[in-house]
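Comments concern the structure below.
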Amino acid sequence: MTAYTATVTVRLKRGVLDPEAETTKRTLERLGFDLDGLRSADRFELDLDADSEADAAERADEMAERLLANPTIHDYTVDVTQRE
């Protein structure tokens, strides 16, 4: 077994109301920053042992599908790196 960290980033799908992002975007614009758009995201870092990077990614994907993200309203990505 090898130690991996799987990072799952969960975002609302485009078109789904994101009040946190809208409030942050308006505030940034009031501070003088020009933005075309802004989306908020949650990031989960999962430390796990797996036989391979692909196995770690598969397990993290299952965790995202079953709990971390709601596939109806969320998109998510999984990035896996080996821990030292």
Side-chain angles (χ1 to χ4, degrees):
M1 292 276 195
T2 305
Y4 294 96
T5 296
T7 302
V8 179
T9 303
V10 180
R11 293 179 192 85
L12 289 169
K13 290 183 177 182
R14 292 204 183 274
V16 175
L17 185 62
D18 188 347
E20 179 182 6
E22 281 302 313
T23 299
T24 303
K25 180 179 180 288
R26 283 194 306 272
T27 302
L28 286 169
E29 289 171 338
R30 280 195 297 264
L31 291 171
F33 296 99
D34 185 28
L35 298 173
D36 290 334
L38 185 140
R39 293 191 305 158
S40 62
D42 291 319
R43 187 174 96 173
F44 301 91
E45 292 183 0
L46 311 167
D47 292 334
L48 49 98
D49 292 328
D51 291 328
S52 67
E53 186 174 318
D55 182 46
E58 184 177 316
R59 289 175 52 202
D61 188 72
E62 183 178 358
M63 291 179 210
E65 284 286 328
R66 294 181 63 187
L67 178 67
L68 303 177
N70 176 344
T72 304
I73 61 170
H74 293 123
D75 287 324
Y76 68 88
T77 58
V78 175
D79 180 49
V80 176
T81 56
Q82 186 174 334
R83 283 186 283 143
E84 301 287 324

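Heavy-atom basis, side chains included; hydrogens, waters and symmetry copies ignored. Bear in mind that the values here come from a model prediction, so they are computed numbers and not experimental data.
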Between Y4 and A50 the two heavy atoms that sit nearest each other are CE1-O, 3.7 Å
Connected to L28, directly or through other members, by ILVMFWY side-chain contacts below 4.5 Å are L31, F33, L35, L38
Sequence neighbours excluded, the answer for side chain to side chain donor-acceptor pair (under 3.5 Å) partners of E29 is K25
Sorted by chain and residue number, the side chain to side chain donor-acceptor pair (under 3.5 Å) partners of D47 (sequence neighbours excluded) come out as T5
Apart from V16 itself, members of its ILVMFWY cluster (side-chain separation under 4.5 Å) are L12, I73
Residues 4-15 vs salt bridge (charged side-chain N to carboxylate O under 4.0 Å, His left out), sequence neighbours excluded, gives none
For S40, the side chain to side chain donor-acceptor pair (under 3.5 Å) test, sequence neighbours excluded, returns D18
In short, salt bridge (charged side-chain N to carboxylate O under 4.0 Å, His left out) pairs touching residues 30-44 with sequence neighbours left out are R43-E45
Query raised in the report: So do V8 and M63 actually touch side chain to side chain, heavy atoms under 4.5 Å?
Result: no
Here the salt bridge (charged side-chain N to carboxylate O under 4.0 Å, His left out) pairs for residues 64-80, sequence neighbours left out, are E62-R66
Looking only at heavy atoms, the pair that brings A56 and L48 closest together is CB-CD1, 3.6 Å
So NE2 of H74 and OG1 of T9: to nearest 0.5 Å the spacing works out to 12.5 Å
Here the side-chain hydrogen bond (donor to acceptor under 3.5 Å, both in side chains) pairs for residues 49-58, sequence neighbours left out, are none
